[in-house]
Every structure is written in C-alpha cells, then in structure tokens.
Amino acid sequence: MIKKVGVIGSGTMGSGIAQVAATSGCMVKLYDNNIDAVEKAEQSLDRILSRLIEKDRIDDNEKIRIQNNISYVSSLKELKDSELVIEAIVEDLCIKQKVFTELESYVSDACIIATNTSSLSVASISSALKIPDRCIGIHFFNPAPLMKLVEVIPGIQTGQKVLDSSVETIKNWGKTVAVAKDTPGFIVNRIARPFYGEALRILDEGIANVATIDEAMRSVGGFRMGPFELMDFIGNDVNYTITETVFKAFYYDPRYKPSFTQKRMAEAGYLGRKTGRGYYRYDENGSIIKNENSVSKENLNSIFDRILVMLINEAADALYMNIASALDVDNAMTKGVNYPKGLLAWADEKGMDWCVERMDELYDTYHEDRYRCSPLMRKMKKEKKLFFS
Ligand code: NAI
C-alpha cells in the first residue's frame with residue numbers, strides 16, 4: 001500500500017489533494033516553487049480543519065493528526081522517497097515536462113508519477129520521462145476533499161501495475177474512481193459540454209432567457225444549479241477556455257463549438273460571481289440579485305428535454321468510443337458534477353426510442369452535424385436494448 005506521497009503545486013488543487021491523502025493516513029510532502037503559496041496552503045488547511053471541528057465533523061486530535069501527516073517542503077529533491085507523486089502545477093506542457101524530468105532524477109524507479117492535468121494528454125506529459133510507463137493521469141475535481149470522483153487516466157505508455165496501484169490508492173482515499181481513456185476532456189469535461197453549449201444555443205436563438213433555462217434544468221431536471229448559474233460560478237473565462245480547448249482538441253467537431261455569447265462575456269470581464277457580474281448580477285454576499293429577468297413557465301419541459309438528450313447523446317457516444325465503461329460514465333457525472341442521475345440510466349428511463357427521435361428532430365430542424373445521433377443509440381433502439389439491463 002502506498003504511504004509516502006509527494007504533491008507538487010500547493011494551489012487550489014494541490015492543497016486539496018494533500019489534505020485528502022493526509023486524511024487517509026499517507027505521509028505527504030507538499031512542494032511549491034513559490035514560498036508564499038506553500039505558506040498560504042498551510043494556513044488555509046488550518047482554517048479548513050478548524051471549520052470541520054466547528055461543524056463537529058472532526059475533533060482536535062484528528063486535526064492534529066492530519067496536520068502532522070503533511071510536511072511543507074521548499075525543494076523538489078525532498079520528494080525523493082515518495083512512492084507516488086501527484087503534480088498539480090500550472091497547466092503548461094513544457095513546464096510540467098520540465099518538472100517531471102527533474103523529479104525523475106530524484107525518485108526511485110518504482111515511484112508513480114501522476115498528473116492532475118485537465119486538458120493536456122497524459123501521453124504528451126509522459127513522453128518527457130525516461131520511464132514513461134510510470135506516468136498516469138489522476139484527475140481530481142474542485143474542491144478535492146469534497147468531490148467524490150477521481151478520473152484515473154492511463155496514457156498509452158502507462159503500465160498495468162501503475163494503473164492498478166493508482167486505482168487502489170485512490171479508492172483507499174475514499175474516492176470513486178472512473179477510469180478514462182486519454183482523450184480530450186476525459187469523461188466529465190467532455191460529456192458536460194452540452195449542459196453549457198446547448199443552453200447557450202437556446203439563449204442565442206432567443207428561445208428563452210437565462211433565468212428560464214436555469215429554472216428548466218432545476219425544476220424539471222432536478223439539477224442543483226442551472227447552466228448559467230453554474231457558468232457564473234465556475235467563471236466565464238475558465239468555462240470558455242475549457243470549451244475552446246475541447247473544441248480544438250476534437251479537430252473542430254461542431255458538437256463542441258463554443259458560443260460567441262460566452263466569448264463576449266469573458267472578453268467584457270463579466271466573469272460571473274467573482275466579478276459581481278456575469279449572466280446574473282451579484283450582491284456583495286455573492287447572491288444573485290433577483291428580478292432582472294423573469295422566468296417564462298411555457299417551454300420549461302422542451303428546454304429541459306433538448307439539453308438532456310444532448311447530454312445523453314454525448315454520454316452514449318463516449319461509451320461508443322470506449323472512453324469509459326457505462327458505470328464509470330454515469331458515476332463520473334453524478335459524483336464529479338453532482339448530476340441528479342447518471343445520463344445512461346436516464347436514457348434507459350426515457351427509452352431509446354425517445355432519445356433517438358429527439359436527436360433526429362433536432363437534426364431535421366437544423367441539418368447540423370452538431371445534432372447527429374450517436375450510432376450506439378440507433379443500434380440499441382433497433383435491438384431494443386438498455387444500457388443497464
Ligand atoms: P493554482 O494556480 O491554484 O496552483 C498552481 C500552483 O502551482 C501554484 O501555487 C504555483 O505556484 C505552483 N507552480 C507553478 N509552477 C510550478 C513549478 N514549476 N514547480 C512547483 N510549483 C509550481 O492551479 P490549480 O487550479 O490548482 O490547477 C493545478 C492543476 O490542476 C492544473 O493542471 C489544472 O489544469 C488542474 N486542475 C484544476 C482544477 C480546478 O478546478 N482548478 C480541477 C482539476 C484539475
């Protein structure tokens with residue numbers, strides 16, 4: 001069992017990952033090349049653990065135990081005895097490769113070197129290593145201590161033992177693992193695209209305003225947040241960048257085409273909650289200022305159906321392309337982005353006839369490749385099959 005863990009980068013993700021590993025009993029060394037970031041991480045963990053005590057989730061001894069399991073180090077060399085190192089530094093291929101090359105000169109040949117990248121390929125990062133089969137993607141969601149899902153991504157070079165050991169370790173840390181193929185967006189950031197993209201398309205066509213689309217997803221679909229609230233929460237700059245990255249990475253497949261509306265929001269600096277203005281305006285407490293645009297109750301069902309079927313189609317296509325198993329596809333969306341139901345289970349509930357007919361209706365209306373029905377859904381309709389029988 002892996003006990004000694006190194007984490008590189010003590011920002012948002014690295015500090016959360018260190019907390020998760022330390023809580024489960026690993027001895028963690030957290031390194032960042034910016035000393036202020038290391039100090040900030042230490043103070044932030046202290047605050048987070050104190051809050052957990054206030055909420056009666058942990059006691060004083062547990063706080064001390066977790067804190068004692070983390071040491072904050074100022075040189076990469078100090079990670080030399082690690083059995084697993086997870087990197088969560090800036091999203092830049094050259095910098096990640098450089099850090100991995102240096103790290104490899106310190107650690108033993110048995111050490112697993114993992115990346116938390118969201119958008120780079122594991123294959124490209126691994127290629128910098130002398131032993132590329134020791135490299136793997138271990139992709140946490142923000143905030144890492146709270147989100148149940150972790151995507152584990154073997155690159156084409158990754159060894160089976162490295163995969164098995166990574167999956168076992170992350171499960172021991174209390175997480176749900178979804179194994180994903182090394183393709184753009186992995187599972188969640190690929191399948192979730194229509195949640196935003198189709199909502200923006202409906203807005204751009206003038207079918208409904210943001211409040212109505214959000215209401216449809218919440219009240220009809222049971223989603224905790226509507227697409228526009230969520231985009232404002234994530235940040236319209238961050239969300240636009242992910243959309244554009246996925247679109248380019250898929251060789252400009254129209255299914256992932258970004259919206260000008262989103263681009264303009266980012267350009268204008270209407271980034272959402274963090275700037276006080278996005279699709280909504282926010283007061284000083286970060287709450288939406290109501291009554292700016294009213295909800296039209298008329299087409300809530302059709303709005304929800306359209307976004308849902310696009311999500312189902314994306315999930316079915318990911319399964320069709322062997323990105324992940326059906327169970328992992330559903331777990332990814334319920335545990336990574338809190339969807340109320342797995343999309344493939346939702347498809348079974350709606351019926352394959354419904355799914356294919358809705359997609360074909362959209363295609364007939366627009367004649368755009370964006371609305372092509374996944375061949376897997378068509379095949380399943382014909383054979384009267386379910387995803388989970
Ligand atoms: P962040 O900006 O909060 O933290 C990055 C940290 O890495 C900073 O403290 C910085 O000083 C440090 N760093 C930069 N270059 C370094 C180097 N050469 N050596 C050592 N430390 C270095 O970034 P965040 O958001 O934590 O993202 C980190 C990684 O995790 C990225 O690859 C990102 O794509 C990925 N990710 C981010 C998620 C998010 O929601 N923020 C979710 C999942 C993955």
Side-chain angles (χ1 to χ4, degrees), residues 6-21 29-45 48 70 72-79 82 85-106 113-122 124-126 128 135-153 170 175 177-178 180 182 184-190 192 230-246 249 271-274 332 335-338:
V7 177
I8 311 178
S10 65
T12 311
M13 295 309 292
S15 54
I17 295 166
Q19 185 190 333
V20 172
K29 286 184 181 165
L30 181 56
Y31 162 72
D32 199 291
N33 67 355
N34 175 349
I35 191 77
D36 292 343
V38 179
E39 274 170 23
K40 221 174 117 198
E42 194 168 358
Q43 288 160 6
S44 145
L45 180 66
I48 289 168
I70 306 185
Y72 298 85
V73 302
S74 56
S75 131
L76 192 58
K77 200 171 183 177
E78 295 188 58
L79 304 187
S82 305
V85 175
I86 303 178
E87 160 280 311
I89 64 169
V90 59
E91 189 76 336
D92 179 305
L93 178 61
C94 288
I95 298 176
K96 285 192 199 280
Q97 285 182 332
K98 207 164 147 252
V99 169
F100 274 18
T101 310
E102 187 187 338
L103 176 72
E104 198 175 33
S105 71
Y106 306 133
I113 299 183
T115 173
N116 186 51
T117 184
S118 313
S119 64
L120 300 166
S121 81
V122 176
S124 65
I125 300 172
S126 315
C135 188
I136 192 160
I138 299 185
H139 183 226
F140 286 79
F141 289 78
N142 188 14
L146 294 183
M147 300 306 288
K148 270 267 159 207
L149 183 78
V150 176
E151 293 176 335
V152 173
I153 308 108
I170 300 303
K175 298 293 182 189
V177 169
D182 186 15
F186 309 132
I187 309 174
V188 170
N189 281 337
R190 172 195 188 130
L230 188 53
M231 285 186 276
D232 272 1
F233 182 74
I234 295 168
N236 291 310
D237 49 345
V238 173
N239 196 276
Y240 178 74
T241 304
I242 301 174
T243 310
E244 200 187 32
T245 307
V246 170
L271 306 184
R273 207 179 276 212
K274 62 187 172 189
K335 305 223 160 68
V337 268
N338 291 324

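None of these values were measured; they are calculated from a predicted model. Just so you know, ligand 1 is whichever comes first in the structure, and atom 1 is the first atom listed for that ligand.
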Problem set entry | Leu79/Tyr106 under side-chain contact (heavy atoms from CB on, under 4.5 Å): CA gap, chis, key distance, verdict | CA-CA 8 Å; Leu79 304 187; Tyr106 306 133; over 6 Å; no
Seminar exercise, completed: In this structure, atom 15 (N) of ligand 1 is nearest to the protein heavy atom Val90 CG1, 3.8 Å
Problem set entry | Nearest candidate to atom 28 (C) of ligand 1, where distance is taken over non-hydrogen atoms, out of Ile242, Ile89, Thr117, Asn116 | Ile89
Seminar exercise, completed: Nearest non-hydrogen protein atom to atom 5 (C) of ligand 1, with distance, is Ala88 O, 3.7 Å
For this session: Check each atom of ligand 1 against the heavy atoms of Phe140 and keep those under 4.0 Å away; list them by number with element.
Result: 42 (C), 43 (C)
For this session: Would you tell me which option among Asn33, Ile17, Asn189, Ile86 has the nearest heavy-atom contact to atom 19 (N) of ligand 1?
Result: Asn33
Problem set entry | Close-contact set for ligand 1 against Ala37 heavy atoms, below 4.0 Å | 9 (O)
Exercise. Can you tell which part of His139 has a heavy atom less than 4.0 Å from ligand 1: side chain, backbone, both or neither?
Worked result: side chain
For this session: Check each atom of ligand 1 against the heavy atoms of Tyr31 and keep those under 4.0 Å away; list them by number with element.
Result: 20 (C)
Exercise. Nearest to atom 4 (O) of ligand 1, what protein heavy atom do you find, and at what distance?
Worked result: Gly11 CA, 3.3 Å
Problem set entry | Heavy-atom pair of closest approach, residues Phe186 and Thr117 | CE1-O, 3.3 Å
Exercise. Is Phe141 in contact with ligand 1, taking contact as a heavy-atom separation below 4.0 Å?
Worked result: no
For this session: Report yes if some heavy atom in the side chain of Asn142 is under 4.5 Å from a heavy atom in the side chain of Thr12; otherwise report no.
Result: yes
Exercise. For Thr101 and Ala128, which heavy atoms make the closest approach, and how far apart are they?
Worked result: OG1-O, 3.8 Å
Exercise. Is it true that atom NZ of Lys274 has more than 12 heavy atoms of other residues, nucleotides or ligands lying nearer than 6.0 Å?
Worked result: yes
Exercise. Are any of the side-chain heavy atoms of Tyr31 and Val99 separated by less than 4.5 Å?
Worked result: no
Problem set entry | Salt-bridge contact Lys96-Glu91 (side-chain N to carboxylate O under 4.0 Å) | yes
Problem set entry | Interfacing atoms of ligand 1 (cut-off 4.0 Å, heavy-atom, Ile95) | 18 (N)
For this session: Write out the residue and atom name of the closest protein heavy atom to atom 24 (P) of ligand 1, then the distance separating them to 0.1 Å.
Result: Met13 CG, 4.0 Å
Seminar exercise, completed: Within 4.0 Å of some non-hydrogen atom of Asn142, the atoms of ligand 1 are 40 (O)
Seminar exercise, completed: Atoms of ligand 1 under 4.0 Å from any heavy atom of Lys96, numbered from 1 in the order shown, are 31 (C), 32 (O)
Exercise. Roughly how far, to the nearest 0.5 Å, is CD1 of Ile125 from CD of Glu87?
Worked result: 6.0 Å
For this session: Heavy-atom contacts with Gly9 under 4.0 Å: which atoms of ligand 1 show up? List them by number with element.
Result: 7 (O)
Exercise. Hey, does Leu30 have a side-chain heavy atom less than 4.5 Å from the side chain of Val38?
Worked result: no
Exercise. So, Asp182 side chain and Val122 main chain: donor-acceptor pair closer than 3.5 Å or not?
Worked result: yes
For this session: Select the closest option to atom 6 (C) of ligand 1 among Asp92, Ile138, Asp32, Asn34, judged by heavy-atom distance.
Result: Asp32
Seminar exercise, completed: So for Thr115 against ligand 1, with non-hydrogen atoms under 4.0 Å, the contacting part is neither
Problem set entry | Close side-chain approach of Phe141 to Glu151, heavy-atom, < 4.5 Å | yes
Exercise. In the protein, which heavy atom is nearest to atom 23 (O) of ligand 1, and how far is it?
Worked result: Thr12 N, 4.7 Å
Problem set entry | Heavy atom of the protein closest to atom 32 (O) of ligand 1 (residue, atom name, distance) | Glu91 OE1, 2.5 Å
Problem set entry | Test item, Lys98 contacting ligand 1 (heavy atom, 4.0 angstrom) | no
Exercise. Within the distance-only criterion (no hydrogens, no angle test), does the side chain of Asn116 pair as donor or acceptor with the backbone N or O of Ile86 below 3.5 angstrom?
Worked result: no
For this session: Could you tell me the separation between the OG atom of Ser121 and the CG atom of Leu93, rounded to the nearest 0.5 Å?
Result: 7.5 Å
Exercise. Side chain, backbone, both or neither: which part of Val99 comes within less than 4.0 Å of ligand 1 when only heavy atoms are counted?
Worked result: side chain
Problem set entry | Exercise check, heavy-atom protein proximity under 4.0 Å to atom 2 (O) of ligand 1 | no
Exercise. Ignoring hydrogens and geometry, is there a side-chain-to-backbone donor-acceptor pair from Lys175 to Met147 under 3.5 Å?
Worked result: yes
Exercise. In the protein, what heavy atom is nearest to atom 44 (C) of ligand 1, and what distance, to one decimal place, separates them?
Worked result: Ser118 OG, 3.1 Å
